[in-house]
Q: 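Quick one: structure below, then a few questions.
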Amino acid sequence: MLAIDAAAYASPWRRVHPAVKGVFFGGLLVCALALPTWPAAPLVAAVALTAALGPARVSPRAFARAAWGPLLFILTGSLTLLVTVGGPQGAIAFDPDGPARAAEIIGRAAAAVCCQLLFALTTPLADLLPRLTRIGLPAALVETVALIYRMLFVTLDSAHRIQTAQAGRLGYSHRRAWVRSVGALGAALFVRSYDRAQRMQRGLECRGYTGELTVLVDELSLRPAAVSAAALPSVLVAAATVSYMFLGAGL
Amino acid sequence: MSGKPNAPTAADAAVGKATGGGSDAAPGKAGGGRRPVSQETGHGVTTVHEVLEVGSPDMHIAEGYLPWQHAAAWTAVAAPFVAHGVRSLTQAVRADPDAKLLVGAAGAFCFVLSALKIPSVSGSCSHPTGAGLGAVLFRPPVMAALGSITLLFQALLLAHGGLTSLGANVFSMAVVGPWVAYGAYKLVRSATASLDEQTSLGGAVFCAAALGSLATYTVTSVQLALAFPDPASGFFGSFAKFAGIFSVTQIPLAIIEGLITVVIVRLLSRVNPDQLRRLGVLRRNSAAPAAGQATDASEEKAG
Amino acid sequence: MTTAADGDATAAPPAALAGRGLTFGYPDTAPVFTGLDVRIAQGGVVGVLGPNGGGKTTLLRLLSGSLTPDAGEIYVGGERVRRGRRALNELRRRVQLVFQDPDDQLFSASVSQDVSFGPMNLGLAADAARERVAWALEALEITELAEQPTHLLSYGQRKRVVLAGALAMRPSVLVLDEPTAGLDPEGVESLVETLEGLRAAGTTLVVSTHDVDLAYRWADTVLLLNRGLLAAGEAREVLADPALLAAARLRPAWAPAAGRALRAAGLLAPGSPDPATPEEAARLLGGAEG
Amino acid sequence: MTTAADGDATAAPPAALAGRGLTFGYPDTAPVFTGLDVRIAQGGVVGVLGPNGGGKTTLLRLLSGSLTPDAGEIYVGGERVRRGRRALNELRRRVQLVFQDPDDQLFSASVSQDVSFGPMNLGLAADAARERVAWALEALEITELAEQPTHLLSYGQRKRVVLAGALAMRPSVLVLDEPTAGLDPEGVESLVETLEGLRAAGTTLVVSTHDVDLAYRWADTVLLLNRGLLAAGEAREVLADPALLAAARLRPAWAPAAGRALRAAGLLAPGSPDPATPEEAARLLGGAEG
Ligand SMILES: Nc1ncnc2c1ncn2[C@@H]1O[C@H](COP(=O)(O)OP(=O)(O)OP(=O)(O)O)[C@@H](O)[C@H]1O
Ligand SMILES: Nc1ncnc2c1ncn2[C@@H]1O[C@H](COP(=O)(O)OP(=O)(O)OP(=O)(O)O)[C@@H](O)[C@H]1O
Ligand SMILES: [Mg+2]
Ligand SMILES: [Mg+2]
């Protein structure tokens, strides 16, 4: 139903412990943000994309489709950096330093978006969420978040079907009808959400629910060696960047 | 992008009535109202009106767009609000185990609400922030928690917004938006206390949703302006630029979100007045006229 | 026998609804249909049968403009539906789809409001819209529910309200996805009777169902689907063919078996039709035994 | 013939599940049942039939502890269920109810996590719980779905997951509300086969359905409801009685009519059972004609 989510469940890296993927993509993300954009950002993007399109077999099409939204934001947002306002040259003027600044931000953000997306495309939330208790989040919160994740698809499915029904009766054929239809849809979803909660309450009581949604979380072996290996690429990227800086300074 | 593409006016507030079996709401009369407002999106399931337009432009600050110092600072700013919200949420859940499923349903509702498409200017679509409706229904502290969870899911499932920029997005969309909306709601509600319930509620909800939406995007512009000050005119020049690009296109959107929220709350006050009373949205003593009608009908059926 | 999409609009009266070369797949999955041709004749009842996941819902959504085919064309009353919003809206107006779950289609506070949703979107004046609503409620025999809130209705009543909402668009074709699912036999009977009334008034009905016996006795023609068209033709021919039914993972209808047994027992004249219901079979038997 | 709630625990083996004098009404409505007595014998398949609103779901919920009767008592394995949380939880553990809509009972995105919910609530150790989950998935033949996310499963698959979740509690009685609704004939067949496996392992099954033909061929005994108990007894007796069926607003099953016709034609020996399916009837006929 959601492309990124569906891709994550089909990923060959699904059985890799989320912490390992977290260290791998998180480390690269930190490199992209904290190190000088040139050359860290292209290095990070290259490493992340090689890993993702190679061993993790992320579909390039799925990746491109998901990346489109954030990239659009990054590009439009960076347009403002090309001009300067209220300066001595007048109300709006081209900023000669703008393109360089914009390129730097686009490079950094694009590399960061790669890391985020590739983590999302290889890590299903059903595997990730129950493990969040391990990092100290309260169980009640984690259970609630996992419950929201499950109910989100049920609600989304309702939304799809109600909206299709409305469109069939021309509910989106002009702006005024659209506003009315979205309003009716929102109200219907609210009513159904509460109804669903009540029915689920009944359904779970039959299975022994008394307030805790305790489930058995599969053990995935978390080998320290794997974590270190996952950290290696970011260390290498950092080392390469630092040595490039020194060499650049030396030359 | 035409100058004023049939920007909805106050007259359009009549859409609430239009569902009521229809006095004057012949849509054809609404000037340019028939102008196409959707795009035939070529991707995804090939329906015209998919709930989710995957990859649509959105106002969430993307991963890595803010310098890391800014991202960290906004996370620190948002953290107390979220912590407070999470604490009140977990307390509610611990006090009443039944509340867990309701919170789950409310969270799912918030996510789906913010994924609905609404008509925007220039024939494209956008999404409502949901800050206004959420704040009115669930109160700002709870919205801080539910909004943060929604934003986390948006980042991971839709690539709307990032993980390091989560703090910044939470601050604008789950903290400032709901609080402004709630303030506006309370203000208008008390200012119009003498009017009849439906008018007062409608006005308050409209202001809450529209101002909440505007506030959200204004804060986003502030966040971007602080991160990227204009070389010549500093923060203010930069704010003007970002507001020009983002916030101004959001004004029609804010109005539309206001109208939609009015439709939602009006329908709810007819279909589910008890729920709204429980949530403190409808006044306990004054039943909405239509709600009274519904109750009559149910008594009729039971009798 | 209705051949699948002969497309020859000059020879026969134009099909009420037709699809030619329809190809469709959901994102990231194998296509459900490739090059499907279907033709729905004017004024009849067309049963759509097939296993779970066979594509019944998908076909109904394609034909009613709620999904857009990846390739291929839809024809309404012989005219090709052009691309673009205006043509699509016209298709949707003329071909109304009613889903299986009534709760997906009821989103207003009261029955009359809900039924008025479509007419309002057509841009009708208030009076005309009101008239349409009254007429649709009348046709579904639920006029007395008009002012009821929708959430207090029973399942069968809600199904009728949804049907009224579709009918208020005055479609030429009414497409129903499993309209009898979840109804008890009496509810099915009364719904079929009501729908027969609509058919008599000239509406073409396309009805998907899992109930082979219902299709056998009610439908004029059937489409047998299993991710592609297996067969299209007279209901009594197609649904009596064990090989076709096996390919569609359906079980044969009882009526032909009972009819053959009755004929073998000499209780039914050789040429006469099969009994429509078990009651009828029992009546024929009773005559012999009583 | 199983009489309704004879309540005499000394004479016969105790009923797997029984209700005596059950009275229940939803708030602000007329009572659905007043003084209802039902008795579910050990080890069989009990069909629960009746019209829409007849009280099937209500009865199943009362029997499984999901609703509390206004008056009357529930007995499990001959013991009266006392008031109070602890006794109620014990009842719920021993009598597992599976709702019609799988989304009402699936709360986790992972199949194996969801199935483990019940065993964890029983306080089992991780290993024992894991074993239960594996066993339940195996019994429902969905082991390969264990790591699938719930929201990507088909309706039939989700139904099986919920069933596995109930089975993992090792109940003595499994109560299923319209388990075959929305499944195609092959899906029904395969579910019935799976449930037969559970019955063979000693689980008592209580199944509500609208499908008289299914109840006729599968259930041992049936309860006929229409806001009260109309009849309880052998499926083949009750469902062959036109007067009772008319009172329950159901139509008779095809099988007895076909059986009588076949016997009249001399194709079936007088004492032998009715054909279970149209295929079987056709086979009997084929022998005559071929
Ligand atoms: N929204 C969707 N996204 C992806 N795949 C889908 C979607 N809807 C249906 N499918 C797939 O398309 C195929 C056809 O499904 P469809 O719902 O048309 O079958 P159906 O004949 O209506 O089945 P049923 O008898 O269960 O209603 C199936 O394989 C199904 O899994
Ligand atoms: N939650 C509820 N609140 C009020 N009344 C209810 C509720 N659920 C059921 N009823 C009423 O109780 C009666 C019995 O309903 P029940 O759902 O048990 O019937 P059923 O035999 O399961 O019907 P169906 O075949 O439609 O599933 C009906 O009159 C129904 O309207
Ligand atoms: Mg279907
Ligand atoms: Mg029921």
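Residue numbers begin at 1 in each chain, while the letters A, B, ... track the order of the sequences.
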Q: Closest approach of C/Ala257 and D/Pro278, non-hydrogen atoms and distance?
A: CB-O, 4.2 Å
Q: Chain C heavy atoms under 4.5 Å from D/Leu49: which part of the residue, side chain, backbone, both or neither?
A: neither
Q: Determine, for C/Glu189 against D/Arg251, whether the closest basic-nitrogen to carboxylate-oxygen distance falls under 4.0 angstrom.
A: yes
Q: Under 4.5 Å between any side-chain heavy atoms of C/Pro252 and D/Glu279, yes or no?
A: yes
Q: Taking every heavy-atom pair that is under 4.5 Å apart, which of D/Pro256, D/Ala255, D/Gly53, D/Gly50 has the most such pairs with chain C?
A: D/Ala255
Q: Between C/Asp213 and D/Trp254, is any pair of side-chain heavy atoms under 4.5 Å apart?
A: yes
Q: Out of curiosity, C/Asp184 CG to D/Arg249 CZ, how far, rounded to the nearest 0.5 Å?
A: 5.0 Å
Q: If I measure from the heavy atoms of chain C, does D/Ala253 come under 4.5 Å with its side chain, its backbone, both, or neither?
A: backbone
Q: Please check: side-chain N/O of C/Asn52 versus main-chain N/O of D/Pro185, any donor-acceptor pairing under 3.5 Å?
A: no
Q: I'd like to know which of D/Leu262, D/Leu183, D/Leu250 tops the heavy-atom pair count under 4.5 Å against chain C.
A: D/Leu183
